[in-house]
Amino acid sequence: MQFSHLSADHGQWIASACASADPSTVVAQIPHGFERYVRILHPALDEDDQLVRWETVAQSRKHIITAADLFETVAGLDAQGNPETEDAWVDSDLPLDQLPESQWHALAAELVAASPQDQKFVAGLWAGYAFIEGGDRIQIEREPDPALNDEENQREYELALAEAQKPAFGPEVIHADLLELGGGYRNYHLFEVDAEFLARPEWAITADGAQRQRPALAFAADHSWMLSTEPFDDCTILGGPASLIESILNNPLLEAIEVGQFTRIGHSN
């Protein structure tokens, strides 16, 4: 499993292609020109932390999901997740902001299968994660050890905090230019990764454990496909060859709906 840092120049083709797009359309995230596009819907979690598909929510309300629907529309909720209709779905939280690991593995398998055997991939890590740079954004809680006095406990706390606040990457990553998309709303560190890393990303081991965030964007080195998950969004959007999109639509582990280049997500009504 390998990954290495890349300059932001490797993603400039995305920034250039999407710069003038209507920000609510698919091509504001994924460049125009792919044969087909698909939204992979992130499941919600119910009160027992079990995954809930959008289809389940829609059926409970006799709602027909359209390509442009947000989860709130499907569930009868307002933008804050509060019930907006009498039959609103209130048995789960809003969808996850990334695909759960099992579904990401299924998606990655489709992407790798659709790529040449020696293909390399580029993965974008959203720059907003605190573990990347460490520092004061990371705070910890530590129970005092009754065997130690106050001064000793304070010293142990300071040592643990210093360890937790260490940056996950070196200055060659932290101080490198970011790929800026969406007018600076989406900023990414880019890395070249192999198929194994794409399927099971592990960016760093920190005091908080393994950092396994799914890439917020990824594309094949030959630009044959590209995916994007905006921060805090309810779906992952992918553009690619027709055969790849068809495989994803037919994958039972993924809940997906086809979209067009100019589908305006969130404007279904």
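Annotation for Glu172: atom CD counts as buried by contact number, over 12 foreign heavy atoms lying within 6.0 Å. Taking a 6.0 Å sphere around CG of Asp145, one finds it holds more than 12 heavy atoms contributed by other residues, nucleotides or ligands. Surrounding CD1 of Ile64 are at most 12 heavy atoms belonging to other residues, nucleotides or ligands under 6.0 Å away. A 6.0 Å sphere centred on NE2 of His5 holds more than 12 heavy atoms belonging to other residues, nucleotides or ligands. The neighbour count for Gln139 CD, taken as heavy atoms of other residues, nucleotides or ligands under 6.0 Å away, is above 12. No more than 12 heavy atoms of other residues, nucleotides or ligands lie within 6.0 Å of CG in Asp150, so this atom counts as exposed by the packing criterion.
At distances below 3.5 Å, at least one donor-acceptor pair connects side-chain atoms of Gln165 with backbone N or O atoms of Ile138. Of the possible polar contacts, none joining the Asp48 side chain to the Gln50 backbone as a donor-acceptor pair under 3.5 Å is found. Side chain of Arg39 to main chain of Ala67: a donor-acceptor pair is present (N/O by atom type, distance under 3.5 Å, no hydrogens or angles). A side-chain donor-acceptor contact under 3.5 Å links Ser60 to the backbone of Val57.
Distance check, rounded to the nearest 0.5 Å: CG of Asn82 to CD of Glu72 gives 10.5 Å. Taken to the nearest 0.5 Å, the CG atom of Leu178 stands 13.5 Å off from the CZ atom of Arg186. Summarising the geometry, atom CG belonging to Leu253 is positioned 11.5 Å from atom CG belonging to Leu99; distances are rounded to the nearest 0.5 Å. Atoms CD and CG, from Gln29 and Asp233 in turn, are 6.0 Å apart once rounded to the nearest 0.5 Å. Going from atom OG of Ser92 over to atom CG of Leu77 covers 8.0 Å, rounded to the nearest 0.5 Å. Atoms CD and CG, on Gln103 and Leu41 in that order, are 9.5 Å from each other to the nearest 0.5 Å.
Using a 30° and 60° split on the angle between ring planes, Phe191 and Trp203 fall in the tilted class, from 30° to 60°. Taking the six-membered ring where tryptophan is involved, the planes of His223 and Phe219 are perpendicular, since the angle between them exceeds 60° and thus also 30°.
Both Leu6 and Tyr188 are assigned to one and the same hydrophobic cluster, defined by single-linkage of ILVMFWY side chains at heavy-atom distances under 4.5 Å. Hydrophobic cluster membership is shared by Leu179 and Ile174, with clusters built from Ile, Leu, Val, Met, Phe, Trp and Tyr side chains linked at under 4.5 angstrom. Hydrophobic clustering, with ILVMFWY side chains joined whenever heavy atoms are under 4.5 angstrom apart, keeps Leu96 apart from Ile65. Val26 and Ile257 end up in different hydrophobic clusters when Ile, Leu, Val, Met, Phe, Trp and Tyr side chains are linked at under 4.5 Å. Leu159 and Leu148 are members of different hydrophobic clusters when ILVMFWY side chains are connected at heavy-atom separations under 4.5 Å.
Under the 4.0 Å criterion applied to side-chain N and carboxylate O atoms, Arg214 and Asp97 are not assigned as salt-bridge partners.
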Run the side-chain donor-acceptor check on residues 117-136: report pairs under 3.5 Å with partners two or more places apart or on a different chain.
| unit_1 | atom_1 | unit_2 | atom_2 | d |
| --- | --- | --- | --- | --- |
| Gln119 | NE2 | Asp222 | OD1 | 3.0 |
| Gln119 | NE2 | Asp222 | OD2 | 2.9 |

Residue pair Leu238, Leu111: steps toward the side-chain contact (heavy atoms from CB on, under 4.5 Å) verdict: CA-CA 10 Å; Leu238 171 71; Leu111 299 173; 4.0 Å; yes
Derivation and outcome, side-chain contact (heavy atoms from CB on, under 4.5 Å), residues Leu217 and Leu181: CA-CA 11 Å; Leu217 67 81; Leu181 302 175; 3.8 Å; yes
Criterion side-chain contact (heavy atoms from CB on, under 4.5 Å) on Thr85 and Arg61, from CA distance to verdict: CA-CA 10 Å; Thr85 63; Arg61 305 184 58 240; 3.3 Å; yes
Stepwise side-chain contact (heavy atoms from CB on, under 4.5 Å) check, His42 with Thr229: CA-CA 10 Å; His42 299 174; Thr229 307; 3.6 Å; yes
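Across Leu227 and Pro215, no two heavy atoms sit closer than the pair CD1-O, 4.3 Å. For the residue pair Tyr37 and Gly239, the shortest heavy atom distance occurs at CD2-CA, 3.8 Å. Summarising the geometry of Asn251 relative to Glu110, their closest heavy-atom pair is ND2-OE2, 2.8 Å, with the distance given to 0.1 Å. The two residues Gly11 and Leu190 come nearest to each other via the heavy atoms N-CD1, 3.6 Å. The shortest non-hydrogen separation linking Phe169 to Val173 is CB-CB, 3.7 Å. Minimum heavy-atom separation, Arg36 to Leu249: NH2-CD1, 3.6 Å.
Between Tyr157 and Ile140 there is a side-chain heavy-atom pair separated by less than 4.5 Å. Taking the side chain as every heavy atom from C-beta outward, His63 and Asp69 approach each other to under 4.5 Å.
Counting only residues at least two apart or in different chains, ring-ring contact (aromatic ring centres under 6.0 Å, His included) contacts with residues 88-114 are absent.
Checked options Glu156, Glu158, Glu152; the residue passing with Gln154 is Glu158 (criterion: side-chain hydrogen bond (donor to acceptor under 3.5 Å, both in side chains)).
Less than 6.0 angstrom separates the ring centroid of Phe71 from the ring centroid of Trp54.
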